[in-house]
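This report refers to the structure that appears directly beneath it.
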Amino acid sequence: MTTNDTPVSTNFIRQIITQDLKENKNQGKVATRFPPEPNGYLHIGHAKSICLNFGIAGEFKGTCNLRFDDTNPEKENIEYMESIERDVKWLGFEWAGLYNASDYFEQLYSYAVQLIEQGLAYVDSLSAEEIRVYRGTLTEPGKESPDRNRSIEENLDLFTRMRAGEFADGAYVLRAKIDMASPNINMRDPAIYRIRRVHHHRTGDAWCIYPMYDYTHCISDAIEGITHSICTLEFEDHRPLYDWVLDKLQTPSHPQQIEFARLQLEYTIVSKRKLNQLVTEKHVNGWDDPRMPTIAGLRRAGFTPKAIRDFCERIGVTKQNSWIEIGVLEYCIREDLNENALRAMAVLQPLRVVIENYPDGQVEQLEISNHPQKPELGKRQVPFSKVILIEQDDFAAIPPPKYKRLIEGGEVRLRGSYVIKCNEIIKSAEGVITELRCSYDPDTLGKNPEGRKVKGVIHWVSEAESAEAEIRLYDRLFTVPSPDNEPNFLDVINHDSLEVLEGCRVEASLAQASPENRYQFERTGYFCLDSVDSVDGKLVFNRTVTLREGGWAKD
RNA sequence: UGGGUCGUCGCCAAGCGGUAAGGCACGGGGUUUUGAUCUCCGCAUACCAAGGUUCGAAUCCUUGCGACCCAGCCA
């Protein structure tokens with residue numbers, strides 16, 4: 001792993017590893033792995049796991065592999081594999097080795113033969129439905145399949161023929177022979193191989209039988225010499241099975257499985273099935289829609305790898321099911337962007353302002369710094385002229401209490417420029433304000449006027465010297481904190497989660513914007529150029545997050 | 001009602017028998033040509049509950065209560 005500046009914190013997993021190291025377990029080595037199934041795009045929940053696994057490898061001078069858990073070809077494909085590799089790299093991590101569970105299919109097969117030879121696995125002809133019935137319930141023990149005591153020879157023969165493709169899908173299954181009365185349902189002779197004639201994105205049609213997760217994962221870990229196999233809480237009940245398989249087989253090592261609580265983030269969904277549904281049913285515009293909690297979506301929205309890593313560090317790692325408030329993620333991205341984003345001015349909903357006492361045709365290049373606290377980020381030139389545009393919201397015909405922007409007869413500071421005073425409001429026949437007539441105080445460039453205080457500061461652009469842009473404002477995708485708990489999560493989709501503003505005007509310097517740069521449009525939020533739709537000179541900006549809204553500013 | 005896991009501030013989370021860290025959020029001052037940033041101050045006599053052990057308990061024991069996960073030939 002490569003990165004870098006994430007603060008080191010303690011958590012129960014790191015404590016376990018520290019203790020293991022002290023006892024010189026695993027010859028003092030630490031090896032982890034991040035094992036996604038390539039059946040969808042990575043999301044913020046995966047980021048937690050990625051940061052944990054790669055982070056631990058980094059801290060303990062160990063290694064972390066990327067391994068695709070590709071044992072169910074029905075849902076997996078190359079596009080997902082590629083997106084996963086891209087996203088892990090983008091987050092700033094480097095894997096020691098890149099593997100696939102399918103790399104081990106041959107070994108997995110021969111281990112299964114060993115299990116059969118030891119009398120610890122058998123081929124069952126019960127149907128899926130029958131197996132379910134035989135399994136018993138949470139409170140009642142299961143009962144043994146009639147095939148459970150098939151001879152080793154017969155099992156070997158049948159398993160060979162399963163592989164050879166002699167049987168129809170579902171005709172047989174290979175089961176571990178453990179204990180049908182176990183209080184742990186996972187130990188009631190779990191299936192470890194099924195017949196499935198599906199083309200696999202890596203092994204093609206070489207196999208018609210595929211190993212199951214529980215059987216595959218532990219052996220894959222052992223083959224790779226993983227020392228600590230970190231997974232989420234729902235696999236706690238599977239640990240006895242993980243250990244059983246490795247205890248029965250002579251694998252190169254016996255990794256330790258450790259479980260932690262998966263991330264639950266308010267107002268978002270982190271179920272791949274549901275995310276997939278949002279994409280395929282077009283509730284969003286693809287896996288990388290900026291409203292999606294996917295890494296690709298967050299990236300397109302303007303999130304930085306650093307902010308995501310910081311977030312993962314802040315939320316901690318425990319075994320407690322918890323819901324993280326969305327404010328934590330927002331804090332992380334604001335913190336990074338406040339420090340590093342270049343400032344610029346953009347007027348989302350323009351109102352024309354004519355400065356009557358400013359010379360016709362004159363254009364002044366004002367030098368404005370790119371960051372108020374970091375002069376090292378330099379300055380840019382912003383053209384000023386007689387006709388400028390300000391935000392409609394920054395003028396109020398009837399100002400609410402404490403309003404400190406422009407009002408009729410009042411003064412306001414144009415950011416980085418002069419103080420202007422509104423002399424007259426021009427309205428259309430319908431009574432809509434179409435233009436403001438103002439005058440400027442030539443003596444207020446770079447200094448405050450004498451004898452009076454001007455409280456408000458607003459942003460602006462020169463009408464003629466600005467560029468047109470489309471600006472997309474995103475809001476949370478769901479209307480309730482935990483959409484996953486709804487009977488139907490589609491019912492709580494926020495239909496106002498995307499607001500597209502056309503005809504916005506941005507300062508001239510933004511015509512050269514690139515998706516890698518992030519900007520703070522002063523007073524309105526953090527934005528970045530959309531990496532997909534900004535083509536042929538068209539400028540499209542995505543709002544990453546608003547500025548923090550102190551006190552009354554909201555509304 | 002079987003098995004597994006978890007209960008510390010609104011949300012996260014340290015704490016591991018010696019007298020409740022920190023972050024986010026929130027409230028209030030100050031600075032500010034972004035109602036941003038920055039900065040200062042405040043924010044759990046209290047750790048799910050009740051008993052017990054101890055000089056001393058969030059930490060140990062007991063009994064309750066509450067929450068989550070498991071009955072795919074998914075992962």
Side-chain angles (χ1 to χ4, degrees), chain A residues 9-11 15 35-37 39 69-72 74-76 124 126-129 131-133 135-142 169-175 182-188 190-196 209-210 212-214 216-217 231-240 259 261 266 272-273 313-332 334-335 338-339 343 345 368 371-373 402-405 412-417 419 444 446-448 454-459 520-525 546-554:
Chain A
S9 79
T10 176
N11 62 49
Q15 287 179 2
E37 182 186 14
N39 67 343
D69 228 329
D70 55 350
T71 57
N72 183 4
E74 280 173 286
K75 302 191 288 182
E76 302 157 0
D124 199 342
L126 251 29
S127 68
E129 172 67 9
I131 286 182
R132 187 178 63 73
V133 173
R135 186 155 33 227
T137 68
L138 294 178
T139 51
E140 298 158 323
D169 287 12
Y172 290 102
V173 76
L174 182 70
R175 292 228 256 169
S182 172
N184 180 347
I185 294 208
N186 296 294
M187 300 298 271
R188 319 241 260 230
I192 59 177
Y193 265 92
R194 76 282 215 182
I195 305 173
R196 193 116 313 169
I209 57 171
Y210 292 97
M212 303 283 291
Y213 165 84
D214 284 307
T216 306
H217 204 90
C231 63
T232 44
L233 245 32
E234 65 270 27
F235 293 106
E236 272 177 322
D237 290 345
H238 296 237
R239 191 177 349 118
E259 310 85 9
E266 286 188 345
K272 271 197 210 167
R273 198 204 97 230
E313 199 55 55
R314 279 170 188 276
I315 59 178
V317 177
T318 68
K319 301 190 74 154
Q320 300 180 50
N321 279 118
S322 57
W323 285 89
I324 307 297
E325 290 178 345
I326 201 74
V328 181
L329 217 209
E330 292 179 347
Y331 175 84
C332 292
R334 286 190 187 116
E335 184 180 53
N338 174 55
E339 170 116 359
R343 310 290 126 122
M345 290 194 285
I368 302 183
H371 190 116
Q373 283 86 30
K402 292 191 189 165
Y403 189 79
K404 48 191 251 193
R405 289 147 338 187
V412 78
R413 157 76 63 185
L414 293 178
R415 176 70 161 153
S417 177
V419 168
T444 54
K447 60 182 180 207
N448 286 127
V454 176
K455 275 188 293 184
V457 180
I458 64 174
H459 57 277
Q520 183 197 100
F521 290 172
E522 289 201 73
R523 304 206 313 125
T524 83
T546 61
L547 254 30
R548 190 162 160 270
E549 285 161 347
W552 86 333
K554 183 79 194 157

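In what follows, chains are A, B, ... by sequence order, proteins preceding strands, each numbered from 1.
At whole-Å resolution of the value, CD in A:E236 and C1' in B:A75 are 16 Å apart. Atom CE of A:M345 and atom P of B:A36 are 18 Å apart (whole Å). The separation between A:I209 atom CD1 and B:C73 atom P is 16 Å, rounded to whole Å. If you take CD of A:E313 and C1' of B:C12, they are 13 Å apart, rounded to a whole angstrom. The interatomic distance linking A:H459 (NE2) with B:A36 (C1') rounds to 13 Å, in whole Å. Between A:Q373 atom CD and B:C38 atom P there is a gap of 8 Å when expressed in whole angstrom units. Atom CH2 in A:W323 sits about 19 Å away from atom P in B:C9, given to the nearest Å. A:R132 places its CZ atom 14 Å from the P atom of B:C74, with the value rounded to the nearest Å.
One finds no side-chain N or O of A:Q320 lying less than 4.0 angstrom from the OP1 or OP2 phosphate oxygen of B:A14. One finds a side-chain N or O of A:R194 lying less than 4.0 angstrom from the OP1 or OP2 phosphate oxygen of B:C74. For B:C74, the OP1/OP2 oxygens have a side-chain nitrogen or oxygen of A:R196 closer than 4.0 Å. An OP1 or OP2 oxygen of B:A13 is reached within less than 4.0 angstrom by a side-chain nitrogen or oxygen of A:T318. When the side-chain nitrogen and oxygen atoms of A:R135 are compared with OP1 and OP2 of B:G72, one or more of them lie within a distance under 4.0 Å.
Interatomic distance, CG of A:N186 versus NE2 of A:H238, reported as 4.0 Å (0.5 Å rounding). Here the straight-line distance linking atom CG of A:L233 with atom CG of A:N321 works out to 6.0 Å at 0.5 Å rounding. Here CE of A:M345 is found 10.0 Å from CD1 of A:I458. Values are rounded to the nearest 0.5 Å. The CD1 atom of A:I185 sits 6.5 Å away from the OG1 atom of A:T137 when rounded to the nearest 0.5 Å.
Using a distance-only test at 3.5 Å, with no hydrogens or angles considered, a donor-acceptor pair links the side chain of A:N184 to the main chain of A:D237. In terms of modelled atom types and a separation under 3.5 Å, the side chain of A:T444 and the main chain of A:K447 share no donor-acceptor contact.
Scored by the side-chain hydrogen bond (donor to acceptor under 3.5 Å, both in side chains) test, A:R135 finds no partners at all (sequence neighbours excluded). The side-chain hydrogen bond (donor to acceptor under 3.5 Å, both in side chains) check on A:R334 picks up A:T546, with sequence neighbours excluded. For A:H217, the ring-ring contact (aromatic ring centres under 6.0 Å, His included) partners two or more places apart in sequence, or in a different chain, are A:Y213.
Here the side chain of A:I315 is nearest to one of B:C12, B:A14, B:U34, namely B:C12. For A:L547, counting side-chain heavy atoms from C-beta on, the closest listed nucleotide (B:G2, B:A75, B:A36) is B:A36. Considering only the side chain of A:N186, B:C70 comes nearest among B:C70, B:A71, B:C73. When each of B:G35, B:C73, B:A36 is scored by its nearest atom to the side-chain atoms of A:V457, the top-ranked nucleotide is B:G35. Here the side chain of A:I324 is nearest to one of B:A36, B:C12, B:A71, namely B:C12. Nearest nucleotide to the A:I185 side chain, out of B:A75, B:G7, B:A71: B:A71. Among the nucleotides B:G3, B:U5, B:A13, the one closest to any side-chain atom of A:S322 is B:A13. The side chain of A:T10 sits closest to B:A14 out of B:A14, B:A75, B:C6.
The glycosidic torsion of B:G72 lies within 90° of 0, which places this base in the syn conformation.
When heavy atoms are screened at a 4.0 angstrom cut-off, A:K455 is found touching no nucleic acid atom at all. Residue contacts shown for A:L126 include a base, since a base heavy atom lies under 4.0 Å away. Using a 4.0 Å heavy-atom cutoff across all strands shown, A:T524 reaches no nucleic acid atom at all.
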Name the pairs: protein N/O against N/O of nucleotides 40-42 of chain B, kept only if under 3.5 Å.
none

Identify all pairs in which a protein N or O lies below 3.5 Å from an N or O of nucleotides 65-69 of chain B, and state each distance.
{"residue": "B:C68", "atom": "O2'", "partner": "A:N321", "partner atom": "OD1", "Å": "3.1"}

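Taking the C1' atom of each, B:G66 and B:U8 are spaced 16 Å apart, rounded to whole Å.
Each of A:L138 and A:E129 has a nearest nucleotide on RNA chain B; the 5'-most of these lies closest to A:L138.
The neighbour count for A:K319 NZ, taken as heavy atoms of other residues, nucleotides or ligands under 6.0 Å away, is above 12.
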Requested in this report: Encode nucleotides 22-29 of chain B as B, S and - characters from 5' to 3', where the letter depends on protein heavy atoms closer than 4.0 Å: B to the base, S only to sugar-phosphate, - to neither.
Outcome: -SS-S---

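A donor atom on one side chain and an acceptor atom on the other are found under 3.5 Å apart for A:E234 and A:T232.
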